[in-house]
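First listed ligand is number 1; within each ligand, the first listed atom is number 1.
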Amino acid sequence: MGDAILVTGGAGYIGSHIVVALHEAGYAPVILDNFNNARRDVPARLARIMGRAPQVIEGDIRDAACLDRVFGAHDFAGVIHLAAHKAVGESVTKPLAYFENNVGGFLTLLGAMARAGCKRLVFSSSATVYGAADETPTPETAPHHAMNPYGRTKIICEEILEDLCAADPEWAVGVLRYFNPAGAHGSGLIGEDPADIPNNLMPYIAKVATGELAKISVFGDDYDTPDGTGVRDYIHVEDLAEGHVLSLAQLQQGKGHLVNLGTGRGYSVLEMIAAYQRASNRHLPYEIVARREGDVAVCCAKTEQARDLLGFDAKRGLDEMCASSWAWMQAQDGSKD
Ligand code: WQD
């Protein structure tokens with residue numbers, strides 16, 4: 001059994017894919033999740049992929065006593081911290097909940113890690129910290145410009161980590177700024193599974209393809225982009241997961257880093273719809289509607305730093321993201337818990 005790694009939020013969409021990637025890399029992932037944004041059948045699905053069930057602890061990062069028990073029971077080689085609220089729109093209407101969970105919970109986790117002497121952390125950050133970046137593709141040196149409370153929680157957490165590492169060089173921290181995760185595991189057993197109407201484009205399109213939703217609302221076609229619709233750097237969730245394993249390996253050598261995780265290639269909303277039509281062989285009706293408040297025209301990663309520091313390169317393209325998402329959606333009929 002390899003090194004134990006705590007994955008907070010490990011039953012979620014991105015977390016579950018990271019748990020598989022850790023297992024395949026020889027680690028022993030341990031999931032801590034409060035299941036407020038994860039289905040309870042995810043661990044059983046992971047067992048079918050991994051050959052054995054990962055250890056799962058139902059708990060909350062805001063519960064210091066729970067965390068001390070978890071760290072007392074394991075000798076973790078590191079922590080991958082994903083547990084956070086992440087809906088931009090919701091953060092605007094519920095800022096206190098976002099700061100309490102994303103920042104307060106993070107501080108509680110860091111305190112438990114420090115008490116346990118566990119000082120290797122991979123932190124899930126987001127391209128949202130760039131806001132409307134002046135430079136695209138956007139380098140890690142671009143200034144922070146939060147457009148919403150969610151983005152501000154990510155900036156605050158990054159700044160906490162900067163100060164912590166400056167005060168105590170024993171900490172080895174990997175900050176990973178995700179662009180737009182999409183797609184699903186090749187087994188069709190895990191994937192993006194929002195309980196209510198999806199905010200994000202790919203899961204929304206997926207539900208139009210299954211017929212669960214009627215049509216796609218395209219939020220504006222008057223942006224300064226080739227076809228006028230928003231351009232984003234979609235990265236396959238399996239590529240994203242593999243980036244976390246590479247990040248952990250660098251931390252085990254004492255090398256901290258801050259990198260974008262993207263492909264460097266942007267696709268517009270209309271290109272995504274066309275790709276999903278090819279993957280699903282379904283006609284996907286859409287309507288151009290007004291822009292969504294707070295959206296930027298283009299958000300795309302400069303990827304050199306992840307390549308140089310982690311040896312990371314995204315391998316999967318848009319068609320594979322759509323095909324894997326569609327396979328996941330088809331495998332889901334009637335099998336939800
Ligand atoms: C993508 C494009 C929309 C839905 C968000 C968060 C970010 C990260 C990823 C957490 C945009 C357009 C969308 C729809 C549409 N999450 N769109 N119709 O906004 O780039 O990023 O998710 O870290 O923090 O901000 O992703 O998928 O919502 O939008 O036209 O029904 O699709 O305008 O151009 P976004 P998204």
Select the closest option to [atom] among [options], judged by heavy-atom distance.
atom	options	value
atom 19 (O) of ligand 1	R292, M147, M202, M272	R292
atom 6 (C) of ligand 1	V88, V208, T229, D233	V88
atom 34 (O) of ligand 1	P181, G266, A84, G230	G230
atom 8 (C) of ligand 1	S126, S217, A127	S126

So which heavy atom in the protein is nearest [atom], and how far is it from that ligand atom?
atom	value
atom 23 (O) of ligand 1	Y150 OH, 2.6 Å
atom 27 (O) of ligand 1	L201 N, 2.7 Å
atom 7 (C) of ligand 1	T128 OG1, 3.3 Å
atom 1 (C) of ligand 1	Y234 OH, 3.5 Å
atom 14 (C) of ligand 1	F219 CE1, 3.3 Å
atom 20 (O) of ligand 1	R232 NE, 2.6 Å

[Y]/[X] salt bridge by N-O under 4.0 Å criterion:
X	Y	result
E100	R62	yes
E304	K302	yes
D319	R278	yes
R45	D41	yes
E242	K315	yes

**Study point:** Sub-6.0 Å ring centroid separation between H244 and Y178
**Key:** yes
Side chain, backbone, both or neither: [X] near ligand 1, heavy atoms under 4.0 Å:
X	answer
N180	side chain
V269	side chain
N200	both
Y286	neither
Y178	neither

Practice item. Validate the cation-pi geometry between R40 and F35: distance from NZ or CZ to the six-membered ring centre under 6.0 Å, angle to the ring axis within 45°. Key: yes
Exercise for review: With R291 as the cation and Y223 as the aromatic partner, state whether NZ or CZ is under 6.0 Å from the six-membered ring centre and within 45° of the axis.
Suggested key: yes
Check your understanding: Would you say D295 and ligand 1 have an N/O pair spaced under 3.5 Å apart?
Key -> yes
**Study point:** Test of proximity, V296 against ligand 1: N or O pairs below 3.5 Å
**Key:** no
Exercise for review: Show which atoms of ligand 1 fall inside a sub-4.0 Å distance from at least one heavy-atom site of V218.
Suggested key: 30 (O)
Check your understanding: Given D221 and T229, is the side-chain hydrogen bond (donor to acceptor under 3.5 Å, both in side chains) satisfied, shown in steps?
Key -> CA-CA 4 Å; D221 68 348; T229 63; over 6 Å; no
Review point. At the 4.0 Å heavy-atom cut-off, does Y223 count as touching ligand 1?
Key: no
Review point. Can you say whether the rings of F76 and H74 are parallel (under 30°), tilted (30 to 60°) or perpendicular (over 60°)?
Key: parallel
Study note, to complete from the structure: So CZ of F106 and SG of C157: to nearest 0.5 Å the spacing works out to 5.0 Å
